[in-house]
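Here the structure is a predicted model, which means the values were calculated and not measured. All residue numbers in this chain count up from 1 along the given sequence. The figures here come from the full heavy-atom set of this structure, side chains too, leaving out hydrogens, waters and symmetry mates.
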Amino acid sequence: MKLLSPARERPKDRYETKSEKAAKAAPVKMPAPVMGWVENQSLAAEMPSAARVLENWFPTTSGVRVRGGAAKSATIGTRCKSLFSYQTATVSKLFAASASAIYDISALNPSTVPGASVSGLTSGYFSTEQMGTVGGEYLYAVNGTDSARLFDGSTWTTITGVSTPAITGVTTSTLSYVWKHKNRLWFVKKNSKSAYYLPVDSVGGAASEFSLAGVFQKGGYLLFGCTWSEDAGDGMNDRVVLVSSEGEVAVYQGSDPASASAWGLVGLYSMAPPRGPKCFIKAGGDVIIGTDDGAIPLSAVTTKDPAALSTAAVSAKIETSWRKMARTWDGVQPWEMIKWPAENMLLVTLPHDPTTCFVANVQTGAWAKYIGWDVQCVALFNKKLYFADKNGFVYAAEQGGSDNGTSYISRLSYMPTDLGSPTAFKSVGLMRGVFQAIGSPTVQLSLSVNYGIAFPSPPTISSPAGGSGAVWDVSLWDVALWDDDGLNSFIVKPTYDTGWVGVGAQGETLAPQVQIVVNGAGRPDIELVQIDLLGESGASVV
């Protein structure tokens, strides 16, 4: 088959050269885009394991899987500003905070608004920290407007200068952030450059001020603090990190902030402004901070010029979209970052965009975009991830096969490829997808050509197999699937082959595309392994 235009055809009096001989059909295998969503590379770069579009798929170490649904689990009847949990060996609690109250939603009742555990509040955006002492296990909650609250596993106590326990030396209603460092609670005073700390192993007592007024040089205020551990845990090398609203980072080392000989400034560094006081995670021995320039490792902040930090960001692959979201942030609800160990997932909330959040595989660093979730705030509870939307509903993430009964579409497009022949014209007639899947999903395969993106109309709804798992003493042994959410991570799933599908695409570059519309009872267990193409490559266009 010749694909040259008539003006470029070989003259009849000249023998056909090797490059002009008729093309032959040859299969091409393309592994699943395990590198995830990539925006920071040229479209002409050959990246066969990367995706230009990856929506509602999650990159794993072996492929990309269709995301699970969102199951409505609780309601508080008004906009939720914070989610947080309390966990001991015997007590597990999940709390949701509105602008005026805190609700215990541990029962996970999706239809009934529980009574308020704390009422009369004027702000619902809480920072929380759990602290264990000889007297018990406590959870502190502060918001910078209302007096601090302390939960002991059953009762909430308003903390003031005369309560039991009490905090003196600072008005607790001015405390906006709390964290723990070396068995000591630290607090940020709202709209100031001051931190306060309590005595070791205590949830009350005299709070001592630690001022950074002479340290920070760009103005602004102290936003949050955290612990930076060089040894990936709590140890002798732990340092306290104090971050300002303008992106200044002060790092201190020592055991006693009151002692000049046992406490000292390690360095003052600079980065782009953070997206919120809860927009960071601890990752091994490092801290990843979400800023205007991306998710920046603290280790890079201390070693690189601020202008070079975006290239060191763990979010560098999606820099364009990250910067766009940071630029359009409305300032109403700060971003949050959370690590979900059970799923190897990092999730970044984008509360000003009610349909989008960013996710990444913390093991591989591959990114994707989830569409259809209004994620305002997040929390882990009993090893599951929950998020709240603007309407006061709380959802279990990656649960079930629909977004609260609504179907959703998972779609991906590979990065363009010239299949090793940059100037050759390709014609692909057939395409197939190979999956590991429970059941037989309805899959739509297509191709975009010449660097474009053109998805056809979505396919029919797929109701993949899945469910709530087997029932003990009822289900058949060696037959039933023993899991609690339909995602059978520990069994070898059968291979599902779509068979060869006609696509009829022609161009110099090709980009395979996959779409699946999901709406089922169980969590979809569908993972793309590879795409195969069958077509012809014509003569080179010169």
Side-chain angles (χ1 to χ4, degrees), residues 81-82 99 121-129 131 140-150 158-161 163 166-182 184-199 202-228 239-254 256-258 260 263-280 287 289-292 298 301 331-336:
K81 302 289 289 184
S82 300
L121 300 175
T122 57
S123 174
Y125 185 74
F126 280 96
S127 167
T128 62
E129 181 66 64
M131 175 77 169
Y140 253 111
V142 297
N143 62 18
T145 302
D146 301 294
S147 296
R149 260 54 177 194
L150 186 67
T158 302
I159 303 300
T160 65
S163 61
I167 292 180
T168 60
V170 65
T171 303
T172 65
S173 61
T174 65
L175 303 178
S176 60
Y177 191 84
V178 57
W179 79 102
K180 183 172 57 181
H181 177 72
K182 289 186 178 294
R184 189 193 300 269
L185 285 171
W186 285 73
F187 300 89
V188 170
K189 185 177 181 180
K190 186 177 181 179
N191 295 331
S192 78
K193 293 185 177 70
S194 290
Y196 286 80
Y197 57 91
L198 294 181
S202 176
V203 293
S208 302
E209 182 178 10
F210 185 78
S211 176
L212 291 103
V215 178
F216 289 148
Q217 302 170 6
K218 296 183 178 180
Y221 50 87
L222 179 59
L223 186 63
F224 71 91
C226 63
T227 294
W228 181 22
R239 298 174 177 179
V240 67
V241 177
L242 302 163
V243 182
S244 82
S245 60
E246 301 304 305
E248 289 187 279
V249 180
V251 180
Y252 287 84
Q253 185 169 354
D256 185 0
W263 188 261
L265 178 66
V266 174
L268 179 67
Y269 311 96
S270 186
M271 63 181 182
R275 283 294 91 233
K278 293 189 279 187
C279 193
F280 74 94
V287 176
I289 303 173
T291 75
D292 286 351
L298 187 55
V301 175
V332 175
Q333 178 86 0
W335 294 16
E336 297 181 18

So is Lys278 actually on top of Tyr125's ring, under 6.0 Å and inside 45° of the axis? yes
Might you point out which heavy atoms bring [X] and [Y] nearest each other, and give the distance in Å?
{"X": "Ser194", "Y": "Ser192", "answer": "N-OG, 3.1 Å"}
{"X": "Cys226", "Y": "Val287", "answer": "SG-CG1, 4.1 Å"}
{"X": "Gly276", "Y": "Leu223", "answer": "C-CD2, 4.0 Å"}
{"X": "Trp179", "Y": "Glu129", "answer": "CA-OE1, 3.5 Å"}
{"X": "Pro199", "Y": "Ala206", "answer": "CD-O, 3.7 Å"}

Kindly indicate whether the side chain of [X], heavy atoms from C-beta on, has any atom under 4.5 Å from the side chain of [Y].
{"X": "Val266", "Y": "Tyr252", "answer": "no"}
{"X": "Thr174", "Y": "Thr172", "answer": "no"}
{"X": "Phe187", "Y": "Val170", "answer": "no"}

Say you draw a straight line from [atom1] of [X] to [atom2] of [Y]; how long is it, rounded to the nearest 0.5 Å?
{"X": "Ser176", "Y": "Leu222", "atom1": "OG", "atom2": "CG", "value": "7.5 Å"}
{"X": "Ser82", "Y": "Asn143", "atom1": "OG", "atom2": "CG", "value": "8.0 Å"}
{"X": "Glu246", "Y": "Phe216", "atom1": "CD", "atom2": "CZ", "value": "10.5 Å"}

Here the salt bridge (Lys or Arg N to Asp or Glu O under 4.0 Å) pairs for residues 265-276, sequence neighbours left out, are Arg275-Asp292
Only one of Lys218, Gln217, Glu248 passes side chain to side chain donor-acceptor pair (under 3.5 Å) with Ser270, and that residue is Lys218
Checking His181, Lys180, Arg239, Lys182 against Thr227 for side chain to side chain donor-acceptor pair (under 3.5 Å), the one that qualifies is His181
Contacts of Phe280 meeting ring-ring contact (aromatic ring centres under 6.0 Å, His included) (sequence neighbours excluded), chain-then-number -> Phe224
Check the angle between the aromatic planes of Trp263 and Trp186 and answer parallel, tilted or perpendicular using the 30° and 60° thresholds. parallel
- Task: Kindly determine whether Val178 and Tyr196 satisfy side-chain contact (heavy atoms from CB on, under 4.5 Å), including the steps that lead there.
- Result: CA-CA 9 Å; Val178 57; Tyr196 286 80; over 6 Å; no
Handout entry: Side-chain H-bond candidate by donor/acceptor type, Ser173 with Asp146, under 3.5 Å
Key = no
